[in-house]
Amino acid sequence: MNNLMNIAIDGPAGAGKSTVAKLVAERLSYLYIDTGAMYRALTYAALEKNVNLEDEDALDQLLEGIDIDLKHTKNGVLVYVNKADVTELIRTDDVNKHVSLVASHPSVRIEMVERQRTLAKGTDAVLDGRDIGTYVLPDAELKVFLTASVEERARRRHEEQVKKGLPSNFEELKKDIARRDELDSTREFAPLKKANDAVEIDSTSMSIEEVAASIINLAKERAS
Ligand code: CDP
Ligand code: CDP
């Protein structure tokens, strides 16, 4: 595949976007850009500094003052805020609960989108998020809308927690996922939505390998 290609993978929480996006990027030697990690990094920084998460201007100011770096290492993508490694810290319940509110502010999104476009420019890249195909990269060569039932998505998250030896409550996870889906799909500015030209893949009964293989096949088709 010689021409530059951007692959956009959007969908709700727990659909498998980041796992599959990482795998596809690895197999095709593309850059992987986890846009959710960027919103999580800002949310973490705001919680640390006790910034009022309803205050759009304060969040905007905070964002202007921070560098968010996604560093690709042999052990995966590490997330840095002003040179401090926050990879684990952005995955806490506290960040999970507040990130969609932070991400709902238009000026925060405008700045994030600019950073994401700069990262993806002039390179083969796989981006995963909520608004990649509809807003960040409307001309992406391949757009995938990845879904799965709420039950299955909560089951996956539950399994993840259990594997890490962390406490987990399936019903709570399901509620959190449903609440975040609702906030992400109903916000006014660049909501979670399938782009008209996106290919929808329901991963409810598909393995990670099967989803990755179907996206790679689609990418090869588009490139030829
Ligand atoms: O991995 P998970 O699906 O739980 O979430 P994520 O992809 O890390 O994204 C966390 C949150 O950031 C989402 O629930 C959205 O509120 C927000 N987000 C967004 O608004 N736009 C994106 N392009 C990516 C994430
Ligand atoms: O990024 P997103 O929130 O869409 O989902 P993820 O974090 O990539 O995936 C959530 C969990 O589901 C991970 O533990 C994956 O290993 C698992 N998964 C799965 O079991 N089967 C799939 N087809 C996709 C993901």
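Start at 1 and go down the list; that is how both ligands and their atoms are numbered. For reference, positions follow the sequence shown, starting with 1.
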Peer 1: Taking 4.0 angstrom as the limit and counting only heavy atoms of G129, give me the atoms of ligand 1 inside it, by number and element.
Peer 2: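 It comes down to these atoms of ligand 1: 22 (C), 23 (N), 24 (C).
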Peer 1: Return the option from R130, R153, R91 holding the heavy atom at the smallest distance from atom 3 (O) of ligand 1.
Peer 2: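 The residue whose heavy atom sits nearest atom 3 (O) of ligand 1 is R130.
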Peer 1: Any idea which atoms of ligand 1 are less than 4.0 Å away from a heavy-atom of A13?
Peer 2: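 Numbered from 1, ligand 1 contributes 3 (O), 4 (O).
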Peer 1: Which atoms of ligand 2 sit under 4.0 Å from any heavy atom of G14?
Peer 2: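 So the atoms of ligand 2 that pass are 2 (P), 3 (O), 4 (O), 5 (O).
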Peer 1: Should one rank R40, M112, K17 by closest heavy-atom distance to atom 5 (O) of ligand 1, which comes out on top?
Peer 2: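 The residue whose heavy atom sits nearest atom 5 (O) of ligand 1 is R40.
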Peer 1: Taking both backbone and side-chain atoms of R157, is any N or O found less than 3.5 Å from an N or O belonging to ligand 1?
Peer 2: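 For ligand 1, there is an N or O atom that lies under 3.5 Å from one belonging to R157.
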Peer 1: For a 4.5 angstrom cut-off between non-hydrogen side-chain atoms, does I33 reach V126?
Peer 2: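 I33 vs V126: side chains apart.
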Peer 1: For atom 16 (O) of ligand 2, what is the nearest protein heavy atom, given as residue, atom name and distance?
Peer 2: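 Protein heavy atom at minimum distance: I208 CD1, 3.4 Å.
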Peer 1: Got an N/O contact under 3.5 Å between Y39 and ligand 1?
Peer 2: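 In fact, backbone or side chain, Y39 has no N or O that close.
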Peer 1: Quick one: look up the protein heavy atom nearest atom 23 (N) of ligand 2 and list residue, atom name and how far away it is.
Peer 2: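 In this structure, atom 23 (N) of ligand 2 has M206 O, 2.9 Å as its nearest protein heavy atom.
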Peer 1: Specify the protein heavy atom at minimum distance from atom 18 (N) of ligand 2: its residue, its atom name, and the distance to 0.1 Å.
Peer 2: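 In this structure, atom 18 (N) of ligand 2 has R156 CD, 3.6 Å as its nearest protein heavy atom.
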Peer 1: Hey, mind stepping through V211 and L146 against side chain to side chain contact (heavy atoms under 4.5 Å, CB included) and telling me if it holds?
Peer 2: CA-CA 9 Å; V211 180; L146 192 57; 3.7 Å; yes
Peer 1: For atom 21 (N) of ligand 1, what is the closest protein heavy atom, and at what distance to 0.1 Å?
Peer 2: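 The closest one turns out to be R109 NH2, 3.0 Å.
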Peer 1: State whether E160 and K164 are salt-bridged, where the test is any N-O pair (Lys NZ or Arg NE/NH1/NH2 against Asp/Glu carboxylate O) under 4.0 Å.
Peer 2: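 Salt bridge: no.
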Peer 1: Where is the nearest protein heavy atom to atom 17 (C) of ligand 1: which residue, which atom, and how far?
Peer 2: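 Looking only at protein heavy atoms, the one closest to atom 17 (C) of ligand 1 is A103 CB, 3.8 Å.
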Peer 1: Which protein non-hydrogen atom lies closest to atom 24 (C) of ligand 1, naming both residue and atom, and how far is it?
Peer 2: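 Protein heavy atom with the smallest distance to atom 24 (C) of ligand 1: T35 OG1, 3.4 Å.
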Peer 1: At less than 4.0 angstrom from any non-hydrogen atom of S207, what atoms of ligand 2 do you find?
Peer 2: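 The list of qualifying atoms is 23 (N).
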Peer 1: Heavy atoms only, cut-off 4.0 Å: how does H98 contact ligand 1, side chain, backbone, both, or neither?
Peer 2: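 Answer for H98: neither.
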Peer 1: In terms of atom number and element, which parts of ligand 1 are under 4.0 angstrom from non-hydrogen atoms of D184?
Peer 2: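 Close to D184: 13 (C), 14 (O), 15 (C), 16 (O).
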Peer 1: Pair E26, K22 - check salt bridge (charged side-chain N to carboxylate O under 4.0 Å, His left out), show working.
Peer 2: CA-CA 6 Å; E26 218 173 83; K22 228 177 283 170; over 6 Å; no
Peer 1: Before signing off on this row, confirm whether S18 and ligand 2 have an N or O atom pair separated by under 3.5 Å.
Peer 2: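 By distance alone, the answer is yes.
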Peer 1: Determine whether Y32 and D128 satisfy the following criterion, side-chain hydrogen bond (donor to acceptor under 3.5 Å, both in side chains), listing intermediate values before the conclusion.
Peer 2: CA-CA 8 Å; Y32 166 52; D128 80 310; 3.0 Å; yes
Peer 1: Do D184 and S100 meet the criterion of a side-chain donor-acceptor pair at a distance under 3.5 Å?
Peer 2: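 Yes - a donor-acceptor pair under 3.5 Å links their side chains.
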Peer 1: Of all the non-hydrogen atoms in the protein, which one sits nearest to atom 10 (C) of ligand 1, and at what distance?
Peer 2: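 Nearest protein contact, heavy atoms only, for atom 10 (C) of ligand 1 is R180 NH1, 3.6 Å.
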Peer 1: Can you list the ligand 2 atoms lying under 4.0 Å from a non-hydrogen atom of P12?
Peer 2: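 Per the distance check, 4 (O).
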Peer 1: With hydrophobic residues grouped by side-chain heavy-atom distances under 4.5 Å, do V77 and M112 end up in a single group?
Peer 2: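 Linked within one cluster.
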Peer 1: Using distance alone, with no hydrogens and no angle criterion, decide if E152 and T204 have a side-chain donor and acceptor under 3.5 Å apart.
Peer 2: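 Looking only at side-chain atoms, T204 and E152 do not form any donor-acceptor pair under 3.5 Å.
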Peer 1: Hey, is CD on E54 packed in by over 12 heavy atoms from elsewhere, all under 6.0 Å?
Peer 2: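 At most 12 heavy atoms, drawn from other residues, nucleotides or ligands, come within 6.0 Å of this atom.
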Peer 1: Under the 3.5 angstrom rule, does the side chain of H158 hit a backbone N or O of K174 as a donor-acceptor pair?
Peer 2: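 No, because the side chain of H158 does not come within donor-acceptor range (under 3.5 Å) of the backbone of K174.
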Peer 1: Is it the case that ligand 1 has an N or O less than 3.5 angstrom from some N or O of Q116?
Peer 2: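 No; the residue has no nitrogen or oxygen that sits under 3.5 Å from a nitrogen or oxygen of the ligand.
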Peer 1: Specify the protein heavy atom at minimum distance from atom 25 (C) of ligand 1: its residue, its atom name, and the distance to 0.1 Å.
Peer 2: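 Answer, as residue, atom name and distance: G36 CA, 3.5 Å.
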Peer 1: Could you state the interatomic distance from CG (L183) to CG (L192), rounded to the nearest 0.5 Å?
Peer 2: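 The CG atom of L192 is 11.5 Å from CG of L183, to the nearest 0.5 Å.
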Peer 1: Of all the non-hydrogen atoms in the protein, which one sits nearest to atom 11 (C) of ligand 2, and at what distance?
Peer 2: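 Looking at atom 11 (C) of ligand 2, the protein heavy atom closest to it is E160 OE2, 3.4 Å.
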Peer 1: Name the option, out of D34, I177, T19, that contains the heavy atom nearest to atom 6 (P) of ligand 2.
Peer 2: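 Result: the heavy atom closest to atom 6 (P) of ligand 2 is in T19.
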Peer 1: Tell me, which protein residue and heavy-atom name are nearest atom 12 (O) of ligand 1, and how many Å apart are they?
Peer 2: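 Among all protein heavy atoms, the one nearest atom 12 (O) of ligand 1 is V99 CG2, 3.5 Å.
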Peer 1: Is it true that S203 and R156 share a donor-acceptor pair across their side chains at a distance under 3.5 Å?
Peer 2: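 R156 vs S203: donor-acceptor pair found between side chains.
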Peer 1: Distance under 6.0 Å and angle within 45° of the ring axis: does R117 meet both against Y135?
Peer 2: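 The answer is yes, since R117 meets both limits relative to Y135.
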Peer 1: Under 4.5 Å between side-chain heavy atoms, hopping through other hydrophobics if needed: is there a path connecting L119 to I90?
Peer 2: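 Yes, L119 connects to I90 through the hydrophobic network.
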